[in-house]
Amino acid sequence: MRTARRLRLLAPAVLLATVLAGCSGAGGAEGGEPQLGPVESNPATAALSFPMDAYTDTEAERIRMGQVQQMLVSRCMARYGFTYEGVKAAAPSGGGAAEDRHRYLFGLADPVYAAAHGYDKSAGEGTQGKPPAPQLSDSAYVVMNGEQPGAQGGGIPDANTEEEAAQLDSGLTAGGQKVPAGGCAREGYRKLYAPTKDSVDLLFTFGLASEAHERSRQDSRVVGMLKNWAACMDKSGYGGVATPYEVIEKLGLQDDKGGAKAVTAAQADVACKREVNLVGIWAAVEKAYQERLVEEHAETLALYEKQRDARFKLAASLV
C-alpha cells in the first residue's frame, strides 16, 4: 500500500520567479508536478546528491564488480580445464579525486573546464583503448559461450537466473561435464547479478533515474528555465539551441570539441547556465521526481538494495 507523500515546502524566492511559478498548484496533486525542496544557487555538480545515488554503484564499485564477474567466469572455465584470465579492467578515472558522477547530467557546467577544454570530455584522460579479449580455442569457445563457433544464436538455451539455469540443459558437454546454459560468460553474470528468480534486473535503478530525468525535462519549471537559457545563448550569438544536449551538434562542433570555437561556445553556455541557475533548478526538480519514484517503488528498491549488499559480500569473499 502506497504511503501518503510528504509534501515539501517551497524554496525561498531567491530565483527567477517566472521559472519557479510552476511550484504552486499542481505540486500536491497525484501525478502532478511535485513540490520542491531547497533550490541551491549554481551548485557544483560534484556536490549534487539524488535519492537514486544510494542504489547506484560508484565508478570504483562498477570496476570492482566487473573484476568479480571476470573471476567467476575464470572459475567456471577452470572447471573444464581452461585457464582464462579475462580482460584487464581499466583503472578508475580522475587520479584518485572524488568522483563527480553527475558532471554532465545537465550538460557542461564547470566554467574552469569549459575555458580549458571546451566540450572535450576526454581531455587529460589519455588514449586508453579497450584491451582485446583473449583468444579462445574452439573447445574453450563452446564452454565460454554455450554454443559452437560460428553459431548464429537465437536457438541456444539460456536462462535469466542461476536458479533457472540449474534446471536447463544446454545440450553441450566438455570434458564429460555439461556446459552451463549460455556458457561460463552467462554463468558469471548470473551468479553475481541474477542468482535467484526474484533477482531485480540490474538496469532497474538506471531505468528509474532515467524516468525521473525525462519527467523533469517536461516539468514547467525546467521548460521555463530552458527557455531563459536559450534566450541567453541567443543573445550571446548562439541561436537555435533549445537544450544543453544539442549544443555540439547545432553549433557544428563535433570534429573539434576542444578547439577555440568550442571553448568560446562552452564558456557562453556555462555562463548562461549560471545566469538562469540551470543546475540548481533542474537538480531540485529532478530530485523531487526521484523522491516520488523511490516512494512508488520502495518494495522493489529494498529488495534490490539487499541483493546489492549480497553482491558486495560475494566480492569480499573472493579477494
Side-chain angles (χ1 to χ4, degrees), residues 40-50 52-53 56-60 62-63 66 87-132 203 206 209-210 212-214 216-218 222-223 225-283 285-286:
E40 297 182 45
S41 178
N42 292 314
T45 54
L48 296 179
S49 177
F50 295 96
M52 291 306 303
D53 290 350
T56 306
D57 289 354
T58 64
E59 182 182 15
R62 288 194 299 272
I63 291 174
V87 179
K88 186 177 180 181
S93 61
E99 180 183 0
D100 186 354
R101 63 170 70 184
H102 305 299
R103 185 176 187 180
Y104 294 107
L105 181 58
F106 308 118
L108 179 64
D110 182 349
V112 176
Y113 194 93
H117 307 294
Y119 294 103
D120 184 3
K121 295 182 181 180
S122 64
E125 295 184 0
T127 56
Q128 280 188 338
K130 185 176 180 180
L203 296 178
F206 174 80
S210 297
H213 185 64
E214 288 306 309
S216 74
R217 292 184 67 169
Q218 300 173 36
V222 171
V223 171
M225 173 270 297
L226 285 176
K227 288 181 179 178
N228 291 336
W229 171 82
C232 176
M233 288 289 283
D234 186 53
K235 290 179 182 178
S236 301
Y238 301 102
V241 184
T243 77
Y245 307 121
E246 59 186 38
V247 174
I248 295 174
E249 180 182 357
K250 287 294 182 68
L251 300 184
L253 304 173
Q254 299 95 321
D255 297 330
D256 192 12
K257 298 176 185 178
K261 182 180 176 181
V263 167
T264 302
Q267 289 178 297
D269 175 9
V270 174
C272 285
K273 285 187 174 83
R274 296 181 69 82
E275 181 175 311
V276 304
N277 193 24
L278 183 146
V279 174
I281 294 170
W282 204 337
V285 173
E286 185 146 338

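Atom set for the values below is all heavy atoms of this structure, side chains included, hydrogens, waters and symmetry mates excluded.
The side-chain tip of Lys273 does not point at the ring of Phe106 from less than 6.0 angstrom away and within 45° of straight on.
Taking all atoms of both residues into account, the shortest heavy-atom contact from Ala109 to Pro111 is O-CD, 3.3 Å. Heavy-atom minimum distance, Pro244 versus Leu278: CG-CD1, 4.0 Å. Nearest heavy atoms, His117 versus Ala123: ND1-CB, 3.3 Å.
Sorted by first and then second residue, the side-chain hydrogen bond (donor to acceptor under 3.5 Å, both in side chains) pairs involving residues 249-260 (not counting sequence neighbours) are Glu246-Lys250.
The distance from the CG atom of Asp234 to the NZ atom of Lys227 is 14.5 Å, given to the nearest 0.5 Å. Rounded to the nearest 0.5 angstrom, Ser41 OG and Arg274 CZ are separated by 7.5 Å. Here Tyr113 contributes atom OH and Leu108 contributes atom CG; the two are 8.0 Å apart, rounded to the nearest 0.5 Å.
Crowding of Phe206 atom CZ: a count of heavy atoms from other residues, nucleotides or ligands under 6.0 Å not exceeding 12.
Two residues are said to be in side-chain contact when any heavy atoms from C-beta on lie closer than 4.5 Å; Cys232 and Asp269 fail this criterion. Between Thr264 and Tyr238, the closest side-chain pair of non-hydrogen atoms falls below 4.5 Å. Residues His213 and Leu105 form a side-chain contact, since some pair of their non-hydrogen atoms from C-beta on lies under 4.5 Å apart. Residues Val285 and Met225 are not in side-chain contact: their nearest non-hydrogen atoms beyond the backbone lie 4.5 Å or more apart. Contact annotation: the side chain of Leu48 approaches that of Val279 to within less than 4.5 Å [non-hydrogen atoms, C-beta and beyond]. Considering only heavy atoms from C-beta on, Leu251 comes within 4.5 Å of Val241 through its side chain.
Without hydrogens or angle criteria, Asn42 side chain to Gly280 main chain gives no donor-acceptor distance under 3.5 Å. With hydrogens and angles ignored, the 3.5 Å screen pairs no side-chain donor or acceptor of Glu59 with any backbone N or O of Glu99.
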Discussion item. Using side chain to side chain contact (heavy atoms under 4.5 Å, CB included), reason through His102 and Asp53 one step at a time and then give a plain yes or no.
Written reply: CA-CA 10 Å; His102 305 299; Asp53 290 350; 3.0 Å; yes
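By the ring-ring contact (aromatic ring centres under 6.0 Å, His included) test, Trp229 pairs with no residue at all, sequence neighbours left out.
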